[in-house]
Amino acid sequence: MENYEAIFEPLTVKRMTLKNRVIMPPMGTNFANMDGSFNNEHITYYEQRAKGGTGLITLENACIDYPMGTNGTTQLRIDNDQYLPGLWKFNEVMHSYGACTSVQINHAGASAYGLRLEGKQAVSASNIPSKKGNAVPRPLLKEEILEIVKKYGEAANRAQRAGFDCVEIHAGHSYLVSQFLSPLYNQRTDEFGGSPENRSRFAKLIVEEVRRAVGPHYPICLRFSADELLEGGNTLEDTLDLLTYFVEEIDILNVSAALNDSIQYQIDQMNLADGWRSYMAKAVKEKFGKVTITSGNIRSPKIANDILLKGDADLLAMGRGLIAEPNWVNKVKNGEEQLLRKCISCNIGCADHRIAKSRPLRCTVNPDVIYEDAYKEHQVKNHLKMVVIGGGTAALEAATTAAEVGVEVIVFEAKAYLGGLAHEIARLPDKRRIDDYVLYLKERAKQLPNLTIHLQTKATVEMIEKIKPDIVVNATGAKPLLPPIKGLQEQLANPNRKVFSIFDLLNNMENFQEFTGKRIAVIGGGAVGLDVVEYYAERHAKSVSIVEMQPTLGKDLDMITRISMMDIIQRHGVATYTETALTQVNEASFTVMQQGEEVDIPFDLGFVCLGMKADHPLMEPLMDYQKESGATVVNLGDSKVARRIYEGTKEARDILTTVHQVDREKSRQSLKHYSYQ
């Protein structure tokens with residue numbers, strides 16, 4: 001067991017002492033009330049991360065200028081003293097666990113939430129939208145710029161009075177300060193535009209105003225996009241130059257990356273390595289010698305510790321990692337690394353829910369981001385038995401959850417391994433993080449003496465009858481959808497075939513390692529088909545083609561994955577056929593119908609990835625068993641409807657509703673029986 005001592009070394013910045021090097025960066029939640037105030041669930045969400053040992057909790061970005069500076073469907077406000085009581089209460093709770101606190105103060109500029117602007121035009125450095133397709137903002141007048149500068153100072157003073165230990169200025173990610181710093185947005189010709197010094201002037205005025213507002217001994221942090229990762233945008237070298245104009249009064253440099261149009265590098269896509277961004281923090285630290293924060297898919301304690309030991313950064317920002325695992329710090333400290341519920345960077349419940357769909361923040365691998373393990377306090381009162389058929393992620397989540405509240409659980413998995421489709425998809429190199437969830441579920445199951453798992457055991461109703469369970473969970477997963485297309489079954493049965501399903505690839509990865517000179521054709525532009533495209537395009541196959549009946553590819557993907565997939569398609573010149581139907585499968589080509597014309601797409605390897613469909617062969621006999629025995633039968637996960645891991649995990653945790661209903665009924669029956677004696 002490693003100690004990872006660097007992670008747990010305290011750090012003092014002015015009058016703030018952090019107990020360890022792990023910080024929770026600001027991440028919007030859509031938990032706030034519509035008026036910008038806190039509610040109890042919102043505070044409880046942060047409390048879990050403070051309780052879990054996090055050294056510094058940075059409250060999500062708070063609006064300094066309502067409504068023009070607001071963003072997100074709901075957002076906390078810090079533009080008025082009326083918000084001080086809620087902010088003070090937040091700090092009381094966080095401090096009770098020994099966590100320090102900060103708050104990010106921000107003006108959204110051109111990224112403002114349009115529905116709150118009451119018909120007004122958003123403001124920015126120039127008239128450039130902060131994202132392709134967004135509304136056009138108007139340039140701020142000089143007197144408006146100076147008024148906003150004052151509001152930053154007022155907000156910082158408010159943060160100090162509310163009990164925060166630090167304040168963070170947001171100068172990245174396509175918000176207002178970023179819109180002045182970036183040449184992609186700033187086309188001004190006055191003293192706030194043009195040269196690096198002029199583009200830095202707004203940031204400099206804000207930093208100076210904030211310092212005046214909080215005094216010399218209060219830590220100020222600055223978050224910024226070190227490399228905008230867009231053609232014509234600021235590079236790392238450009239940002240190092242810009243910082244020289246306003247870094248003097250900054251104590252902590254929070255080194256992030258990217259803008260709205262390169263968001264897959266801001267909210268990191270799945271295939272980016274742990275700590276991939278730390279080279280940026282290293283460059284910033286070496287130039288300015290100030291306390292520096294790095295981030296970027298940091299999940300592994302070893303890599304986190306190594307970043308600190310190498311001196312690349314002083315602090316580690318774990319955003320989505322702490323959504324998934326609020327107890328990251330305590331588990332690492334207590335030698336429970338194998339029980340870390342690592343974020344898999346799927347970006348579904350966090351980024352996609354919040355940004356793309358205006359929903360409250362959720363998580364694929366953590367089915368309760370607010371109350372975490374509170375369900376374990378409600379143990380069953382009776383001896384209950386539960387059989388789970390299947391060993392995929394939904395099955396394991398349901399099994400472990402039920403066992404943790406006292407149910408005796410028996411799992412039957414027909415295959416020789418656990419994890420189901422999640423484990424199989426993780427065989428693709430770019431999707432390997434998904435296996436972290438499977439590993440966590442397996443380790444969690446090992447801790448439970450009342451949970452038994454039988455591998456290579458195909459469940460039957462006869463087996464279940466002998467066990468006499470109170471609850472049966474069917475979670476047998478899904479299988480590929482292979483419609484009756486001319487030639488498809490014949491080619492899949494061809495001993496020398498060149499046509500394959502997704503499972504042919506996933507279950508025989510060693511046979512699909514040749515890329516050079518290979519022509520690849522994929523039928524189906526959903527998640528599975530795009531995973532195959534990614535696999536071959538990123539490894540420089542000769543050519544890759546993809547066919548989709550819908551007008552767009554990946555329409556059901558989360559926003560980050562879809563953006564990253566479209567980037568792959570563009571960079572590698574993938575031939576895209578949308579609104580195109582497969583009509584025939586040939587030995588070395590697909591015949592498709594596009595705009596009323598038949599087209600042949602030749603290939604060396606062809607993949608039919610038309611999605612998945614529920615596979616539940618036992619459900620009918622199980623329903624008969626339910627009628628005969630009185631047991632409760634539940635069908636969940638992909639065996640109910642083929643979906644993402646996110647939906648399966650949530651459904652699996654909801655097994656608690658069934659468990660407690662059955663437990664109450666058993667208590668009622670026992671009481672009734674006792675009353676007759």
Side-chain angles (χ1 to χ4, degrees), residues 1-26 46-59 91 94-102 164-168 217-223 226 247 250-256 273-322 324-340 342-343:
M1 183 182 75
E2 294 194 47
N3 292 323
Y4 305 120
E5 291 181 3
I7 294 174
F8 301 100
E9 185 179 344
L11 177 69
T12 298
V13 183
K14 291 198 167 169
R15 291 177 176 173
M16 175 178 72
T17 298
L18 307 178
K19 61 183 178 180
N20 58 56
R21 301 304 180 94
V22 176
I23 76 163
M24 182 178 184
Y46 280 103
E47 182 182 10
Q48 300 297 338
R49 282 83 200 155
K51 188 194 301 184
T54 308
L56 174 66
I57 303 283
T58 311
L59 184 60
N91 282 306
M94 300 308 116
H95 288 151
S96 71
Y97 294 98
C100 290
T101 59
S102 181
F164 287 96
D165 303 293
C166 178
V167 67
E168 178 173 279
H217 306 299
Y218 190 76
I220 300 174
C221 179
L222 181 85
R223 193 178 203 193
V247 76
I250 299 296
D251 303 295
I252 304 172
L253 292 165
N254 188 346
V255 185
S256 188
D274 275 45
W276 72 275
R277 209 184 285 151
S278 61
Y279 74 94
M280 300 182 193
K282 181 180 181 181
V284 170
K285 183 173 171 62
E286 286 178 349
K287 184 171 178 70
F288 298 107
K290 291 178 180 281
V291 172
T292 305
I293 302 170
T294 192
S295 57
N297 275 351
I298 300 173
R299 312 284 181 253
S300 159
K302 184 179 189 315
I303 292 174
N305 200 65
D306 288 348
I307 288 169
L308 297 170
L309 289 175
K310 288 188 295 183
D312 290 357
D314 304 288
L315 294 166
L316 306 162
M318 298 182 192
R320 293 162 303 158
L322 287 171
E325 180 53 90
N327 301 297
W328 194 95
V329 173
N330 284 347
K331 284 184 178 180
V332 173
K333 188 175 184 179
N334 296 333
E336 297 177 321
E337 183 180 343
Q338 77 280 7
L339 286 173
L340 288 175
K342 293 180 182 177
C343 167

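Side-chain N/O atoms of Thr17 and Thr12 include a donor and acceptor closer than 3.5 Å. A donor-acceptor contact closer than 3.5 angstrom links the side chains of Asn297 and Arg320.
Of the options Thr58, Leu59, Ile57, a side-chain contact (heavy atoms from CB on, under 4.5 Å) to Met24 is made by Ile57 and by none of the others. Under the side-chain contact (heavy atoms from CB on, under 4.5 Å) test applied with Ser102, the options Cys166, Pro219, Pro25 reduce to a single match, Cys166. Across Lys302, Lys333, Glu337, a single residue satisfies side-chain hydrogen bond (donor to acceptor under 3.5 Å, both in side chains) together with Tyr4, and that is Glu337.
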*I would like to know whether Ile23 and Leu316 meet side-chain contact (heavy atoms from CB on, under 4.5 Å); could you show each step before the answer?*
CA-CA 6 Å; Ile23 76 163; Leu316 306 162; over 6 Å; no

Please lay out, stage by stage, how Lys331 and Glu325 fare under the test salt bridge (Lys or Arg N to Asp or Glu O under 4.0 Å). CA-CA 9 Å; Lys331 284 184 178 180; Glu325 180 53 90; 2.8 Å; yes

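Salt-bridge formation is detected for the pair Lys285/Asp314: a Lys NZ or Arg NE/NH1/NH2 atom is positioned less than 4.0 Å from an Asp or Glu carboxylate oxygen. The pair Lys310-Asp306 fails the salt-bridge criterion, with no side-chain N (NZ, NE, NH1 or NH2) lying under 4.0 Å from an Asp/Glu carboxylate O.
A 4.5 Å side-chain heavy-atom check between Lys14 and Tyr218 finds every atom pair outside the cut-off. Counting only heavy atoms from C-beta outward, the side chains of Glu168 and Asn254 approach each other to under 4.5 Å. A 4.5 Å side-chain heavy-atom check between Ile293 and Cys221 finds at least one atom pair inside the cut-off. Side chains of Leu18 and Val13 form no contact here, defined as non-hydrogen atoms less than 4.5 Å apart. A 4.5 Å side-chain heavy-atom check between Met318 and Val22 finds at least one atom pair inside the cut-off.
To the nearest 0.5 Å, atom OG1 of residue Thr101 and atom CE of residue Met16 are 9.0 Å apart. Considering CG of Asn330 and OG1 of Thr54, their distance stands at 8.0 Å, rounded to 0.5 Å.
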